[in-house]
Amino acid sequence: MTWLLTGGAGYIGAHIVRAFQQAGMGVVVLDDLSTGIRENVAADVPFVDASVADSAAVATALREHSVTGVLHLAAKKAVGESVAKPLYYWDENVGGMRSLLQTCLDTGVDRVLFSSSAAVYGTPPTEFVNEETPTVPMSPYGETKLAGEWMLRDLAAAGPLRWAALRYFNVAGTRAPELADRGVANLVPMALQALSEGRNPQVFGDDYDTRDGSCVRDYIHVVDLAEAHVAAARRLDERDTGEVYNVGRGEGVTVKEVLEKVREVTGIDFRYDVVGRRPGDPAAYFADPTKISKDLGWSARYDLDDMVRSAWEAWQAR
Ligand SMILES: NC(=O)c1ccc[n+]([C@@H]2O[C@H](COP(=O)([O-])OP(=O)(O)OC[C@H]3O[C@@H](n4cnc5c(N)ncnc54)[C@H](O)[C@@H]3O)[C@@H](O)[C@H]2O)c1
């Protein structure tokens, strides 16, 4: 079985490529390098420099490599940017995926695994979020992820399609320094960036109704996340299915607890600045990972210490 990974030159994609290779699964990467890095993809992995919206290039890649399934990671993912440029996000994430799915239909590829996000839940009514929790996204980014899930569901109702969408919670860590998250949109890289510039990391609000006043989130190691994709792709290779799965550890950690861990791991005795809340930030939520554990036999192996330690080692190696 050979899988085409769109966005395979990005942070998460590069980790999934390694996990698929280790699992003995064939992999081809298609990426337009808009945020990805060519060197993230090993020389022995076929690489197509193209957009998912380039139907001719996608169709050629699917046929030339006898691809049996598509793992669609390629997307724009900055929540704030999506609020400022909603049409760009609808074009890139929804228009791009629509085009990709049409090419899958045209070439007979009937297995699609999709990178969704906990952003589809918006501000959930309960802290412990399972797949039945109402989806009320609070940003165009979250809406485009939910629209992607709906496209898959609708296509599967109209004809043969095996699909799964994985709703990632907060991804952190790395398996190797060269594959680390280069963006500074997530808490751990944001804190390390601030420290390296001699600034205090920021805490966005500490007056929430949580154990220390800061927001609670579920952090998942990118290596565990990559393994979840191996399990899901195998399931699609084995049998007809159409499901969404939460991918998280099932444990809530506060922003201040993450910063305490950064302090412990780096040995830097820093202070943090408490600034105003960010609009639309829910106080607390974390994944109920029961469904993915039961259906796919997947559960997280790494903890917050592993995530922060690997991110710090990568930061020092820059
Ligand atoms: N990082 C997170 O915390 C997180 C959380 C939830 C969901 N996700 C989702 O996971 C996926 C991967 O995220 P990431 O953190 O690795 O981001 P990333 O920016 O590192 O990777 C995205 C990759 O997609 C490529 N790409 C973007 N638009 C493309 C297009 N039109 N055609 C071809 N390639 C294109 C980029 O060049 C990049 O290599 C995204 O779909 C994102 O929404 C990420």
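Between Arg278 and Asp281 there is a salt bridge, since a side-chain N of the basic residue sits under 4.0 Å from a carboxylate O of the acidic one. Between Asp110 and Arg162, none of the side-chain N atoms (NZ, or NE/NH1/NH2) sits under 4.0 Å from a carboxylate O, so this pair counts as no salt bridge.
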**Message:** What verdict does the side chain to side chain contact (heavy atoms under 4.5 Å, CB included) test give for Asn130 and Thr290, after you've listed the backbone C-alpha separation in whole Å, the side-chain angles of each residue and the deciding distance to 0.1 Å?
**Reply:** CA-CA 8 Å; Asn130 67 27; Thr290 307; over 6 Å; no
- Should Phe286 and Phe169 be marked as a ring-ring contact (aromatic ring centres under 6.0 Å, His included) after you check the CA-CA gap, both sets of side-chain angles, and the distance that decides it? CA-CA 8 Å; Phe286 46 97; Phe169 281 65; 8.8 Å; no
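Taking the six-membered ring for Trp and the full ring otherwise, His229 and Tyr168 have centroids separated by under 6.0 Å. Separation of the Tyr121 and Tyr285 ring centroids does not fall under the 6.0 Å cut-off.
A cation-pi contact links Arg38 to Phe47, judged by a cut-off of 6.0 Å to the six-membered ring centre and 45° from its axis. Cation-pi geometry between Arg318 and Trp315 is met: the NZ or CZ atom falls under 6.0 Å from the ring centre, inside 45° of the normal. In this structure, Arg263 satisfies the cation-pi test against Phe270, with its NZ or CZ atom closer than 6.0 Å to the six-membered ring centre and inside 45 degrees of the ring normal. A cation-pi arrangement is present between Arg277 and Tyr208, with the terminal nitrogen or guanidinium carbon under 6.0 Å from the aromatic centre and inside a 45° cone about the axis.
Asp181 places no side-chain N or O within donor-acceptor distance of the main-chain N or O of Tyr11, the cut-off being under 3.5 Å. Using a distance-only test at 3.5 Å, with no hydrogens or angles considered, a donor-acceptor pair links the side chain of Asp212 to the main chain of Ser214. The closest donor-acceptor contact from the side chain of Ser293 to the backbone of Gly297 lies at 3.5 Å or more, if one exists at all. Although no hydrogens or angles enter the test, the distance criterion places a donor-acceptor pair under 3.5 Å between the side chain of Asp218 and the main chain of Ala287. A donor-acceptor pair under 3.5 Å is absent between the side-chain atoms of His65 and the main chain of Val67, judged by distance alone. Side-chain atoms of Glu257 come within 3.5 Å of backbone N or O of Thr254 as a donor-acceptor pair. Panel note: side chain Thr133, backbone Val129; no donor-acceptor pair is recorded below 3.5 Å. Side-chain atoms of Asn200 do not come within 3.5 Å of backbone N or O of Asp273 as any donor-acceptor pair. A donor-acceptor pair under 3.5 Å is formed between the side chain of Ser139 and the backbone N or O of Gly142. At least one donor-acceptor pair under 3.5 Å links the side chain of Asn40 to the backbone N or O of Ala9.
Just one residue in the list Arg235, Lys294, Lys291 forms a salt bridge (charged side-chain N to carboxylate O under 4.0 Å, His left out) with Glu243, and that residue is Lys291. For the side chain to side chain donor-acceptor pair (under 3.5 Å) criterion with Ser116, the lone passing option out of Arg167, Lys145, Glu149 is Glu149.
By the neighbour-count criterion of 12 heavy atoms within 6.0 Å, atom CD of Glu132 is sparsely surrounded, having that number or fewer from other residues, nucleotides or ligands.
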